[in-house]
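Every chain is numbered from 1, with letters handed out A, B, ... down the list of sequences.
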Amino acid sequence: MTIPVSSGSGSTEHDDQTSSLPEQYRVRREKRDRLLAEGREPYPVAVPVTHTIARVRAEHPDLEPGAETDDVVGVAGRVVHLRNTGKLCFVTLADGAGERLQVMLSLAEVGQEELDAFKSDVDLGDHVFAHGRVICSRRGELSVFADSWRLASKALRPLPTLHKESSEEARVRQRYLDLIARPVARDMVRVRSAVVRSIRSELHERGFTEVETPMLQTQHGGASARPFMTHMNAYDIDLYMRIAPELFLKRAVVGGIERVFELNRIFRNEGADSTHSPEFAMLESYEAYGDYMSVARLTRELVQAAAMAAFGTTAVTLADGTTYDVGGEWPQLDMYTVTSEAMGATITPDTPLAELLTHADVAGLKIDPKHVIEGKVAELLFEHYVGDHLHEPTFVLHYPVDTSPLVRAHRSRPGVVEKWDLYVRGFELATGYSELVDPVVQRQRFEAQALLAAKGDHDAMRVDEDFLEAMEHGMPPMGGMGMGLDRLLMALTGQGIRETILFPLVKPR
RNA sequence: GGGCCUCUAGCUCAACUGGUAGAGCAACGGACUUUUAAUCCGUGGGUUGUGGGUUCGAGCCCCACGGGGCCUACCA
C-alpha cells in the first residue's frame, strides 16, 4: 500500500487522499497536524537525554520492589507497550539495542494537563522522552517516574503486533520492523559485526594488509561465475561487476604486498535461494611463501576466532537449538579417495571420461553437456556422494586440474591440484590453493577456459593479458584462500543467507 | 529453468460442499493511581494480490499476470 506524502514539512493541511487512508494512519496524521497547530513539536530537533536505557539498568541492577531513588535521568526510546490505568500510565520504552525500560506517568507527578496530553498524543511506535527519578514499581519493574515528558518523534504508521513474528517476506522487505520486533534479528547484526571485526584483527595480527581492488572491471575473472554487466558512459565501454577480487590481489602480491586480503562485496548474476544471494561478502587472502596447507591452518584459526569473538565459544548454538563445534583440528580427506569409498568403485584422475559418465549415470546425475570433461564429472560425483553430507568442518583435498585454472599442480601427485574446499554443515564455506605462479602454464589454463567460453560456458574465464603480464614479472609462490562471509555467518548461526544480510535484495513489488 | 503451495483488516491468521467475510493484537469512545501482551463496557475498520471467465450467486471453481515460500537443477 502506498501512503501519499503531504507536501511541505510544516503542513497542517490534509491532502485530499488523507480521508481515504486506513483509520490508524489517518488518526496519527491528524495528531501530528493538531500538535503543530497547538505549537507542540512532533519532531523536536533534540531532547535532553542524560542516560541510555542500558545505563539506567546498569546503574540500578537490583532495586527492591517499591524502592525509590533520588537519581534523576532523562531517557528516550520507542514506545513498545502502553498501559493506562486512568491516573497512572505505564509506558515501555525500547532503545535500538532492544533494551527496555518502563516509564510511569502519574497524575500527582506530571499534573492533569500533561497526563491528558500524553494520553491523547502518544501512540505505540512513537519515540518519547521522559524525565524523572529512577524507581522500582510495586511489581518490581525498574522505572522512570516521570515529572515531565516530550514527544521525540511521532510515528505515522502503527507498529506491527510485537507478539507474533512478521511473515518471512515482511521481515526482509521491512528489516527495520524486524529489528524492532525480533531480538534474533538484532543479534545477527551484532554477531556479523563481531565476526567481521575478528577476521580483520586476526589478519592484521598476522601481518596482512587490507586493500580494496576494483569492483568495476573491464574483464571479469578469478572465479567461475556469470557476472553482472554495466556500462561506463565516459569511456563508452561495457564493464563487469567483479565476481572475485583474486586477480587483482595477486597483482598486489607481485607488487610486494606479500600478505594481503580484501573483505568486501562481490556480485554473481546467478540464482537466489536460501544459500545464494546475488551480492555477497567475500574474504580473500594471499600470503607469499605460503601454500594450501598454511592457508588451511589460517582459515581454521579465523573461523575459530570468529566464533570466540561472537559467542565466546567454538561450540556455537544454532537456530534449531543444536550445538555445532568448530573447535579443534579439522579432518582432511582426499577427494578421489573419499569419493571412491562412498561410491564403492575406484576413480582416479586417470579414470576415462566414459567410465566417469557411467558412474554419473548410476548415480542418476544429469550432466550438463558443457560440463562433460573428466574433472568436472569427478567433482560432481564427489558432491553427490560426499560433499553434501559433510556435516563436521572438513577439508577436502586435491581436485582435478581442469576445473581449477588458477591452482598449481600437486607437487608430487599427477592429475590433481593443491587445492582444498572446506565443507561445513553440508555446504562449501571456503576454498584454498597453492596458487599457480608460472605465467606460461597460466596462459595455457586461460586458453583452455576461453575454449570452454567459446563453446557457450558463461562461467568460463577469458585470457586476461594484463594479469599474465603482471605474472610474467615474477609472482612469488603463495597460498591463497577465499571464504564467503555470509556463509560463515550461516555456519555459525544456522540461519539462512537472507537472515545474515541486513538488507538482502528482494524483488520490487 | 521445472514442480507444488500461498497472497483475506495496520500486523498475525480463520472462513465447511460455491450461499450476508470473522478472531487476537492494534485503533476509536468510556471507566480505572502499580500495570507487565493490564482489565472491564461499547464502537468502527475489507475493491479477499491484479485482470478476465464460469455461475442466480465466487475469498473459495477456471485462465492469465504479479509477489512470496518450499522442493528440484546450477553457481559460493
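Using cut-offs of 30° and 60° for the angle between ring planes, the A/His398 and A/Tyr292 rings count as tilted.
Remark: A/Lys164 is not in phosphate contact with B/U12, judged by side-chain N or O atoms under 4.0 Å from OP1 or OP2. For B/U12, one of the phosphate oxygens OP1 or OP2 lies less than 4.0 angstrom from a side-chain nitrogen or oxygen of A/Ser167. The phosphate of B/U12 (OP1 or OP2) has no side-chain N or O of A/His163 nearer than 4.0 angstrom. Neither OP1 nor OP2 of B/C74 sits under 4.0 Å from any side-chain N or O of A/Lys376.
Across B/G19 and B/U55, the matching C1' atoms stand 12 Å from one another, rounded to whole Å. Taking atom P on both B/G1 and B/C65, the two are 12 Å apart, rounded to the nearest angstrom. Taking atom C1' on both nucleotides, B/G49 is separated from B/U43 by 30 Å, rounded to a whole Å. Across B/U20 and B/C62, the matching C1' atoms stand 25 Å from one another, rounded to whole Å. A distance of about 13 Å separates the C1' atoms of B/G51 and B/U47, rounded to the whole Å. The gap from the P atom of B/G44 to that of B/G24 amounts to 14 Å, rounded to the nearest Å. The gap from the P atom of B/G53 to that of B/C13 amounts to 32 Å, rounded to the nearest Å. Taking the P atom of each, B/U50 and B/G10 are spaced 13 Å apart, rounded to whole Å.
Within 4.0 Å of A/Glu141, counting heavy atoms only, lies at least one base atom of the nucleic acid. Backbone-only engagement by A/Leu82 is indicated by non-hydrogen atom pairs under 4.0 Å involving sugar-phosphate atoms exclusively. Within 4.0 Å (heavy atoms only), A/Thr431 reaches no atom of the nucleic acid at all. Counting non-hydrogen atoms under 4.0 angstrom, A/Met282 reaches nothing in the nucleic acid. Residue A/Gln102 is classed as a base contact, given a heavy-atom separation below 4.0 Å to a base. Counting non-hydrogen atoms under 4.0 angstrom, A/Arg498 reaches the backbone sugars and phosphates but no base. Contacts of A/Phe280 with the nucleic acid, taken as non-hydrogen atoms under 4.0 Å apart, include base atoms. Across all strands, A/Leu124 comes closer than 4.0 Å only to sugar-phosphate atoms, never to a base (heavy-atom distances). Here A/Arg173 lies in heavy-atom contact (under 4.0 Å) with sugar-phosphate atoms only. Within the 4.0 angstrom heavy-atom criterion, no nucleotide atom of any strand lies near A/Ala223. At a threshold of 4.0 angstrom between heavy atoms, the contacts of A/Asp486 with the nucleic acid are absent. Contact annotation for A/Ser224: backbone-only contact, meaning every heavy-atom pair under 4.0 Å involves sugar-phosphate atoms and none involves a base.
Comparing A/Glu279 and A/Lys119 against RNA chain B, the residue whose closest nucleotide sits nearer the 5' end is A/Lys119. For the pair A/Leu88 and A/Pro278, nearest-nucleotide mapping onto RNA chain B gives the more 5' position to A/Leu88.
Heavy-atom neighbours of A/Glu64 CD from other residues, nucleotides or ligands within 6.0 Å: at or below the threshold of 12.
With rounding to whole Å, A/Glu168 atom CD is found 14 Å from B/G67 atom C1'. One atom, CD of A/Glu169, and another, P of B/C11, lie 11 Å apart when rounded to the nearest Å. The CD-P distance, from A/Glu23 to B/G46, rounds to 9 Å in whole Å. Atom-to-atom, CG of A/Leu159 to C1' of B/C11 comes out at 10 Å; the value is rounded to the nearest Å. Rounded to whole Å, atom P of B/U39 lies 12 Å from atom NE2 of A/His81. A/Glu30 has its CD atom 11 Å from the P atom of B/G29, to the nearest Å. The CZ atom of A/Arg83 sits 7 Å away from the P atom of B/A37 (whole-angstrom rounding).
By the 4.0 Å N-to-carboxylate-O rule, A/Glu279 lies close enough to A/Arg265 to be salt-bridged with it.
The closest donor-acceptor contact from the side chain of A/Arg242 to the backbone of A/Gly221 lies at 3.5 Å or more, if one exists at all. Proximity of a side-chain donor or acceptor of A/Arg200 to a complementary backbone N or O of A/Leu263 within less than 3.5 Å is detected. A distance-only check finds no donor-acceptor pair linking the side chain of A/Trp330 to the backbone of A/Arg297 [under 3.5 Å]. A/Arg268 contributes a side-chain N or O that, together with a main-chain N or O of A/Ile243, makes up a donor-acceptor pair within less than 3.5 Å.
Scanning atom types as modelled, one donor and one acceptor separated by under 3.5 angstrom connect the side chain of A/Gln24 and the base of B/G10.
Here B/C61 sits opposite B/G53 as a Watson-Crick or G-U wobble pair (both hydrogen-bonding atom distances under 3.5 Å). For B/C4, the paired base is B/G69 (Watson-Crick or G-U wobble, both distances below 3.5 Å).
Under the side-chain contact (heavy atoms from CB on, under 4.5 Å) test applied with A/Cys89, the options A/Val103, A/Asn84, A/Leu82 reduce to a single match, A/Asn84.
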